[in-house]
S.K.: 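Below are the structure tokens for one structure; questions will follow.
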Amino acid sequence: MKTEIRFSGLGGQGIITAAVILGRAAALYSKKHVVQTQSYGPEARGGASASAVIISDDPVYYPNVTNPSVYVIMSQEAYNKYGNNAPEDALMLLDPGFVTSRPVCRCFEVPATSEAKSQLGKTVFANVIMLGALLEATGIVTYDALEHAVLDSVPKGTETNNKRALAIGQELVRSQL
Amino acid sequence: MKTEIRFSGLGGQGIITAAVILGRAAALYSKKHVVQTQSYGPEARGGASASAVIISDDPVYYPNVTNPSVYVIMSQEAYNKYGNNAPEDALMLLDPGFVTSRPVCRCFEVPATSEAKSQLGKTVFANVIMLGALLEATGIVTYDALEHAVLDSVPKGTETNNKRALAIGQELVRSQL
Amino acid sequence: MTEKTDFLNGNVACAEGAIAAGCRFFAGYPITPSTEIAERMAARLPKIGGTFVQMEDELASVAAIIGGSWAGARTMTATSGPGFSLMMENIGYAAMTETPIVIINVQRGGPSTGQPTKAAQGDMLQCRYGSHGDYSIIALSPSSVQEMFDLTVRAFNLADRFRTPVFLMADETIGHMREKVSLHSDVEIIPRRELKEGELPCAPDENGVPGFGTFGNGHNIHITGLTHSENGYPSTDSAEVHEQLIRRQVGKIEDFRNEIADVDIVNPDAEYIFISYGAPTRTVRQLMADVPETYGHLNLRIVWPFPDESLLAFKNAKAFIIPEMNLGQIAKEVRQYTNIPIVIVPKLGGALHTPAELKKAAEVAKTVTKPMTEVRL
Amino acid sequence: MTEKTDFLNGNVACAEGAIAAGCRFFAGYPITPSTEIAERMAARLPKIGGTFVQMEDELASVAAIIGGSWAGARTMTATSGPGFSLMMENIGYAAMTETPIVIINVQRGGPSTGQPTKAAQGDMLQCRYGSHGDYSIIALSPSSVQEMFDLTVRAFNLADRFRTPVFLMADETIGHMREKVSLHSDVEIIPRRELKEGELPCAPDENGVPGFGTFGNGHNIHITGLTHSENGYPSTDSAEVHEQLIRRQVGKIEDFRNEIADVDIVNPDAEYIFISYGAPTRTVRQLMADVPETYGHLNLRIVWPFPDESLLAFKNAKAFIIPEMNLGQIAKEVRQYTNIPIVIVPKLGGALHTPAELKKAAEVAKTVTKPMTEVRL
Amino acid sequence: MNLEDWYRQDRLPHIYCAGCGNGTVLNCTLRAVQELGFRQEETTFISGIGCSSRASGYTSSDSLHTTHGRALAFATGVKLVKPHQHVIVFTGDGDCSAIGGNHFIHACRRNIDLTVVCINNNIYGMTGGQGSPCTPYGAITTTTPYGMHEQPFDLCKLAEAAGANYVARWTSYHVKELTEAIRSGLEVPGLSFIEVMTQCPTSFGSKNKMRLATQMIDMFRENAVLKVKADRDTAAGKPLEPGKFIVGEFVRRHNPPLGVEESK
Amino acid sequence: MNLEDWYRQDRLPHIYCAGCGNGTVLNCTLRAVQELGFRQEETTFISGIGCSSRASGYTSSDSLHTTHGRALAFATGVKLVKPHQHVIVFTGDGDCSAIGGNHFIHACRRNIDLTVVCINNNIYGMTGGQGSPCTPYGAITTTTPYGMHEQPFDLCKLAEAAGANYVARWTSYHVKELTEAIRSGLEVPGLSFIEVMTQCPTSFGSKNKMRLATQMIDMFRENAVLKVKADRDTAAGKPLEPGKFIVGEFVRRHNPPLGVEESK
Amino acid sequence: MKLVINDHRCKGCNMCTKVCPYGIFQEGARPGARGYIIPVLDHPERCTNCRLQKFYGRQLCGMCQTTCPDQAISWIDEQPFEPHKVVIEY
Amino acid sequence: MKLVINDHRCKGCNMCTKVCPYGIFQEGARPGARGYIIPVLDHPERCTNCRLQKFYGRQLCGMCQTTCPDQAISWIDEQPFEPHKVVIEY
Ligand SMILES: Cc1ncc(C[n+]2csc(CCOP(=O)(O)OP(=O)(O)O)c2C)c(N)n1
Ligand SMILES: Cc1ncc(C[n+]2csc(CCOP(=O)(O)OP(=O)(O)O)c2C)c(N)n1
Ligand code: SF4
Ligand code: SF4
Ligand code: SF4
Ligand code: SF4
Ligand code: SF4
Ligand code: SF4
Ligand SMILES: [Mg+2]
Ligand SMILES: [Mg+2]
């Protein structure tokens with residue numbers, strides 16, 4: 001089994017961090033083979049941001065994502081670049097506060113940014129909300145694995161809010177199932 | 001016909017200049033094939049000085065002097081390095097004011113430095129005196145060619161003294177013939 | 001064995017490898033895509049008694065790590081193309097003075113500033129020939145985050161064993177991707193051999209390598225980049241001293257090329273053999289996993305000195321297929337040792353070769369007869 | 001034709017060649033054994049409306065001549081090994097921006113400061129591969145004082161025609177020896193082609209070379225060492241733009257390698273063929289004069305790009321014998337194009353090969369079968 | 001020529017982050033050039049590598065985006081070959097004073113007739129926020145995670161000691177004064193060095209409690225002390241308060257320049 | 001340890017020309033080291049390339065003869081790894097301020113605890129007499145056959161502007177004062193820069209009407225103005241006469257140094 | 001003359017809100033075309049430039065424009081009568 | 001103590017003739033072993049060091065030695081009685 005997940009959005013939304021946390025959860029706490037990559041570009045300082053995670057039962061040699069089956073999209077620009085071509089059998093999570101288009105594939109609208117702001121007071125939790133949603137939608141890792149990885153990665157003192165963020169994300173998807 | 005001439009002495013004696021003048025005389029005013037080379041060395045700033053000229057009727061490809069037939073030697077150190085191994089059929093001109101050893105080959109003692117000082121007032125003419133001596137001893141170029149080359153190479157205003165230096169050198173050898 | 005696993009990018013793993021190997025001095029100058037190495041060292045070294053210094057440029061960075069090495073530390077710097085080019089003079093100095101140092105080059109698209117954030121392998125020949133004069137060096141090439149750690153450790157051991165600059169020739173792909181990595185803390189350390197009392201500072205032992213006269217240990221030695229005799233003093237006029245010195249310095253590495261070698265040989269009986277190092281190795285492995293038993297594979301973890309004898313393992317070889325993220329740099333070296341046709345598969349611009357592209361190249365390989373054939377993707 | 005003969009050393013002849021070719025800007029930094037070139041330019045240029053500037057280092061020297069070239073002048077610098085190593089980054093920049101410049105390297109013994117006053121040919125591969133990334137350049141190699149003049153003129157023409165850095169890879173022997181030299185004043189000038197109105201500044205013509213947008217002529221162009229598209233603007237994210245740019249820049253030289261070629265082929269029917277460039281050519285010629293009709297000889301006045309087709313002239317070749325004042329650098333390139341055995345005859349330390357040594361090498365050549373065999377003198 | 005013609009409009013918007021001061025400095029420079037009525041073909045912009053050095057890509061005239069730190073050496077070649085040309089160099093604190101420090105002091109020593117606009121944001125912006133030779137003591141950057149523990153350069157003092165004919169410092173808040181200073185720099189023969197303290201909210205501000213560009217502008221406004229005032233204070237024995245810095249014109253002299261038409 | 005033990009006796013006589021001042025500076029340096037009672041194994045000499053930089057080959061202790069201009073960068077590595085070590089750098093005007101100018105100002109900025117003895121003979125001696133950044137205006141060299149037309153550096157001013165803790169200038173005539181200055185330099189923590197005006201009769205003197213070393217020494221004696229006197233003159237509005245230069249101690253301060261044991 | 005913000009260029013840095021002596025720029029609230037929050041103009045007719053530029057034939061203040069790091073601020077000619085046109089949409 | 005010039009080191013620069021306050025060094029006239037003209041010593045016993053070094057147990061002047069660029073000047077212990085020994089050669 002091999003799953004390719006693409007995260008995309010704007011700089012500052014925590015896109016890369018989300019991908020790294022997921023990768024970490026799968027690699028360290030789920031004994032999967034994982035490669036996480038991201039795109040850099042001096043041409044777009046503070047602009048677009050994208051990252052990909054490949055999670056597999058077998059070793060992952062070729063590290064480039066060829067056809068992701070899961071998309072997490074947090075800006076319209078990113079949607080235009082990646083989401084537009086998502087195949088019908090893919091799964092997409094998008095933040096409807098930023099993305100107005102809708103794909104042909106199965107799609108969850110996860111208003112992560114606005115929920116983060118309203119429920120947790122800060123938009124920085126949006127990416128972890130997205131991870132909670134992703135967990136619920138895919139079950140790609142266990143909850144424990146993901147929580148572990150989140151707690152490894154976030155600043156001291158924000159643990160509770162991050163756990164709440166995970167739950168909020170899960171709930172946002174669960175309600176759409 | 002190919003003649004290899006080695007000039008050696010101390011820095012400041014005009015060793016290189018002498019070689020260049022001879023080379024010039026042969027190359028430009030005698031239609032010979034000529035290569036002039038010299039040794040450099042940071043290890044001996046202002047110390048030993050050596051140069052070689054190859055004069056030939058045919059093109060000179062290999063530029064290194066292998067067995068010089070003519071030696072002009074102006075210091076004991078230089079004698080030790082080069083003059084000692086001069087073969088019996090070679091010809092040597094040395095300044096007895098600096099060199100105390102004597103070779104197995106034919107040898108002219110040319111007190112160029114002291115004569116320059118006494119007859120021309122300055123030791124700088126010693127090298128041109130040596131050239132005059134060399135001319136007389138070998139006839140390797142014509143007098144005209146050598147004079148041309150000397151006049152090409154020396155500072156304005158010193159022409160007369162340099163011509164006298166040539167003559168002094170010639171005379172010093174002639175008297176020993 | 002204490003072991004810690006983490007999920008890190010290659011650059012960070014490299015810094016951790018250096019620290020595990022005992023590197024306690026890092027001098028560097030930031031440049032994409034290698035900067036994370038310096039940043040990690042800046043965060044880690046002060047906590048463990050080491051020193052991080054950001055120098056004014058890359059020339060100074062190499063100079064400082066050479067100085068630091070003579071002061072007794074295992075030292076390292078990291079850079080990418082443009083900075084690497086600036087290091088060339090002092091790399092030659094390190095070779096000439098036989099100073100153990102480790103230099104990481106996380107390769108990006110060149111020439112010049114080129115593509116700062118894209119992967120490439122365009123500096124492989126520069127790494128070997130970029131400084132003036134004849135000399136030799138050792139260069140490693142990692143193809144995974146784990147190898148960024150492991151080969152960095154190895155680089156330090158080779159540097160000390162052979163008293164030479166050692167290069168980790170990584171690339172942006174491996175430097176920036178994250179994988180699981182075991183951070184062994186008790187890695188094997190092969191320290192440099194200290195100069196013995198009475199031993200001349202530049203006289204070779206049986207391996208051609210002189211003892212190392214660490215500064216401050218009372219050896220009273222003089223080190224110079226000029227041609228020098230065995231007592232270390234300049235001797236720039238003697239052809240013999242020079243020839244002997246350079247022959248020894250080159251020989252101490254080249255004569256041991258098949259000892260230094262670190263390769264994977266897969267399917268040695270195959271007829272069509274991929275040769276790869278660094279990121280392209282991953283694609284070759286992917287292809288080998290997709291269609292097993294079809295092709296042979298020679299993976300080079302050490303590229304310089306080139307392990308020529310490993311070519312002999314492939315007894316049935318009909319062609320060597322060499323995918324590189326450059327115009328065929330190591331292929332030229334392979335050519336030195338074989339008359340078997342070589343298929344060059346260059347790829348520029350930062351994207352990896354895909355498995356499909358390699359398959360196509362393998363098809364071309366079946367038709368070639370000339371010594372060198374290039375596949376245009 | 002106005003002609004003046006003089007008895008000069010190679011370095012001075014080189015400076016005179018540059019002036020004859022119209023070079024009016026020289027930026028340099030002194031280094032043995034190339035300094036006389038700068039000194040001559042310092043004396044001559046101010047008298048003829050040109051400018052000499054001594055820069056703070058060699059990095060600055062190349063930078064200044066690149067700037068000067070964009071301002072419209074034919075520009076040059078001269079250096080030797082250590083300085084050459086420092087030039088590597090900006091040489092890559094010149095390649096990437098397709099700036100015509102001429103760089104003289106009067107080679108001395110390396111690596112590092114090595115033997116400052118001794119001849120060598122140790123920088124031949126550095127000249128080709130010393131900057132990071134894939135690029136191509138042109139390099140000439142003079143073997144007489146006359147060629148120091150003539151090939152310097154040629155270097156400027158090639159630089160302008162191909163819009164590339166061109167190297168005159170001389171050595172201490174040729175730079176410092178004096179011979180008779182004809183200082184032609186009306187040498188052939190092949191100027192660079194000015195960018196036409198409406199033409200894109202980085203779009204190739206039929207030869208793969210873009211027009212040159214001299215600064216101050218109203219072209220309003222932007223020049224960058226980043227990967228750029230045909231309009232000259234940075235475009236660092238696209239693999240296609242990068243691959244196309246680099247392929248074109250390399251191709252504009254490599255595809256013309258046999259047009260650029262400048263060789264002497266002597267005794268093409270011989271079985272044992274010497275291949276040489278620079279100072280060793282003189283010894284080969286001496287040997288050929290001593291024992292005529294015995295050996296073949298391929299003399300390279302242009303070493304890079306390597307004129308591979310010239311090897312084919314030797315139909316009966318049983319071995320190529322390659323004397324070099326390095327450990328066999330160009331021999332590696334010859335090997336790329338032939339399966340005929342190659343005999344490497346390296347000589348280090350500053351002394352030339354002697355005719356006797358070459359004869360010995362030719363004897364060895366009669367016995368070889370391996371692709372590469374080294375003769376130890 | 002209109003001001004907007006001095007921008008390479010087909011390259012805008014530029015790549016700079018929101019709030020980055022580089023765009024402001026670009027405005028002031030082009031305004032100075034426009035006010036002086038330079039012709040495009042007489043004007044050349046040269047820069048090194050860095051966010052700041054990207055400025056030469058947005059000016060509409062011949063421009064040379066060179067290698068990191070070397071812009072002044074390239075500019076020296078351009079100017080010596082074409083002394084008529086107005087040559088303006090954009091550089092950053094890293095480009096100018098880290099890797100480019102030698103060319104900087106030598107251009108000042110030669111007093112070559114260039115105008116150097118050094119955008120000092122106290123950081124390496126382009127590579128993501130490492131310390132520079134101008135990072136203030138104690139400041140946090142990605143390579144000084146425990147606070148910078150080396151002293152910073154005073155670039156204006158260096159330029160003065162090295163020989164520049166015109167030296168001034170302003171900030172991206174002082175747009176009028178800055179424009180005026182660049183104008184003066186272009187007018188004074190010899191090397192003119194104009195340092196502009198500029199905000200990099202992304203790489204410097206975010207790590208040093210000034211996430212917003214506007215916070216950094218406030219900081220400049222508060223900490224910039226006019227030279228006349230600073231001189232008064234010094235005379236009165238009052239040292240500059242920590243964190244403050246002096247702005248104004250420091251040097252205007254007429255030592256022999258290099259690369260001006262007459263001197264050729 | 002005796003003074004003569006500080007010389008690598010098996011390398012003497014050295015390669016310097018007759019009358020070259022480098023040997024004198026070597027004497028003063030080793031005398032200072034000896035007076036301070038340093039131990040050989042605690043002392044390291046580092047140099048770049050040039051006649052002056054050959055000095056490190058004649059000192060008896062660990063020594064590193066590096067690449068042209070880079071000595072201070074090498075020294076930085078040695079010192080940071082072994083802060084106990086006394087690190088003395090020999091350099092020339094070319095080595096220090098031409099190719100090495102950047103390392104020079106950065107070593108001063110970092111204020112790293114090194115003692116730099118810069119032998120300024122106003123010329124590139126080793127390569128046969130080309131102009132250096134310290135060649136006086138108008139002087140003849142092989143690359144300025146019509147007279148130097150660029151301004152020279154004032155190295156002491158540069159060192160001060162860049163941040164060095166100790167800065168002094170003497171000449172090879174002032175052997176006592178020079179020895180004392182080097183001693184002070186070794187004692188003051190942080191970067192100490194001691195410039196020594198030194199005769200190169202071969203490459204500089206011979207072209208500038210001072211063929212004899214003794215003529216150059218006379219010139220130093222006549223043209224060196226003590227700082228106290230120069231300060232008095234300045235206060236009185238009397239400018240320094242052309243051709244004269246100031247000698248003395250210019251800076252002695254206690255800014256935080258780098259590379260001293262405590263700061264590690 | 002009319003003060004305009006080019007919302008394809010503006011990155012919402014709010015520098016203009018700092019420098020205008022008349023406080024004409026006010027922090028905005030809603031993202032523009034590229035996702036940045038663009039300032040809104042409060043009584044731009046108070047702007048010296050808007051009022052007097054035509055009259056004096058040259059730029060009079062321009063602090064905002066010179067400061068705007070993104071070259072997003074400019075003045076356009078007002079269409080005659082345009083400000084008075086009232087379009088009623090149903 | 002006795003002042004000596006090592007003529008394998010001295011290069012005849014005459015710097016010592018400049019700096020000795022007692023004028024003990026005088027320009028020489030004849031070349032030494034290596035061809036350089038070596039200074040001659042005029043009444044070296046006037047030298048402070050020669051006279052008093054032993055007495056004070058430390059170097060007292062040393063200007064010549066510190067200045068000598070070629071490390072050619074030093075003091076050696078005089079052999080007891082040696083100065084008084086008269087060797088008559090026939
Ligand atoms: C030789 C070399 N070394 C390093 C780099 C990487 N690099 C690019 S920009 C930069 C720093 C730029 O800092 P600064 O000049 O202050 O510009 P800013 O981005 O802050 O405006 C560095 C280190 C490079 N391009 N070339
Ligand atoms: C990279 C490099 N460039 C040039 C040289 C040649 N070179 C050797 S010494 C020197 C100048 C030395 O001048 P300075 O430092 O003043 O020393 P001096 O000989 O005058 O004492 C130069 C240019 C070199 N060795 N390396
Ligand atoms: S990183 Fe800093 S300097 Fe670079 S564009 Fe962003 S704000 Fe400006
Ligand atoms: S050339 Fe000058 S500096 Fe060099 S040794 Fe001779 S006198 Fe001294
Ligand atoms: S200053 Fe410019 S970019 Fe910033 S908010 Fe105002 S209009 Fe937008
Ligand atoms: S021009 Fe002046 S008054 Fe008008 S909006 Fe801009 S800052 Fe305000
Ligand atoms: S100073 Fe020394 S080298 Fe010079 S003449 Fe006197 S003893 Fe000889
Ligand atoms: S020690 Fe003093 S008094 Fe004695 S000879 Fe030397 S300079 Fe003269
Ligand atoms: Mg900056
Ligand atoms: Mg000097």
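Chain identifiers are assigned alphabetically (A, B, ...) following the order of the sequence lines, protein sequences preceding nucleic acid strands; residue numbering begins at 1 within each chain.
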S.K.: Is the shortest side-chain heavy-atom distance between D/Asp237 and C/Thr117 below 4.5 Å?
M.R.: yes

S.K.: Select one option (side chain, backbone, both, neither) describing which atoms of C/Leu59 are under 4.5 Å from chain D's heavy atoms.
M.R.: side chain

S.K.: Provide the closest heavy-atom pair for C/Gln115 versus D/Thr227 in the form atom of the first, atom of the second, distance.
M.R.: CG-OG1, 3.3 Å

S.K.: What do you reckon, is CD of C/Gln244 surrounded by more than 12 foreign heavy atoms closer than 6.0 Å?
M.R.: no

S.K.: Against chain D, label C/Ser80 side chain, backbone, both or neither, depending on which of its atoms sit under 4.5 Å from a heavy atom there.
M.R.: neither

S.K.: In terms of side-chain geometry, is the basic nitrogen of C/Arg247 or D/Glu374 positioned less than 4.0 Å from the acidic oxygen of its partner?
M.R.: yes

S.K.: Name the region of C/Phe84, side chain, backbone, both or neither, that has any atom closer than 4.5 Å to a heavy atom of chain D.
M.R.: neither

S.K.: Using every non-hydrogen atom in the two residues, find where C/Leu86 and D/Glu89 come nearest and quote the distance to one decimal.
M.R.: CD2-OE1, 3.6 Å

S.K.: So which of D/Arg108, D/Gln107, D/Lys118 has the biggest tally of heavy-atom pairs under 4.5 Å with chain C?
M.R.: D/Lys118

S.K.: Mind checking whether C/Pro111 and D/Ile91 have side chains closer than 4.5 Å, heavy atoms only?
M.R.: no

S.K.: Where the side chain of C/Asp134 meets the backbone of D/Gly122, is there a donor-acceptor pair that is under 3.5 Å apart?
M.R.: no

S.K.: With a 4.5 Å cut-off on heavy-atom pairs, point out which of C/Asn90, C/Thr97, C/Ile246 contacts chain D the most.
M.R.: C/Ile246

S.K.: Counting distance only, does the side-chain N/O of D/Gln126 pair as donor-acceptor with the main-chain N or O of C/Gly130 below 3.5 Å?
M.R.: yes

S.K.: Are the side chain of D/His132 and the backbone of C/Gly83 linked by a donor-acceptor contact shorter than 3.5 Å?
M.R.: no

S.K.: Is the closest side-chain heavy-atom distance between D/Gln336 and C/Met372 below 4.5 Å?
M.R.: yes

S.K.: Where on C/Ser238 is there a heavy atom nearer than 4.5 Å to chain D: the side chain, the backbone, both, or neither?
M.R.: backbone

S.K.: Of the backbone (N, CA, C, O) and the side chain (C-beta and beyond), which part of C/Val241 lies under 4.5 Å from a heavy atom of chain D, both, or neither?
M.R.: neither

S.K.: Counting heavy-atom pairs closer than 4.5 Å to chain D, which one of C/Gly110, C/Gly114, C/Ala94 comes out on top?
M.R.: C/Gly114

S.K.: Could you check which of C/Pro371, C/Ser131, C/Gly92 has the highest count of heavy-atom pairs closer than 4.5 Å to chain D?
M.R.: C/Ser131

S.K.: Report yes or no: does C/Ser112 contribute a side-chain atom to a donor-acceptor pair with the main-chain N or O of D/Met96 at less than 3.5 Å?
M.R.: no

S.K.: Might you point out which heavy atoms bring D/Thr338 and C/Arg335 nearest each other, and give the distance in Å?
M.R.: O-NH2, 2.7 Å

S.K.: Using a 4.5 angstrom heavy-atom cutoff, name the option from D/Asp123, D/Ile342, D/Asn339 with the most pairs to chain C.
M.R.: D/Asn339

S.K.: So for C/Gln329, is it side chain, backbone, both, or neither that comes closer than 4.5 Å to the heavy atoms of chain D?
M.R.: side chain

S.K.: Could you look at C/Lys332 and say if it's the side chain, the backbone, both or neither that has a heavy atom under 4.5 Å from chain D?
M.R.: both

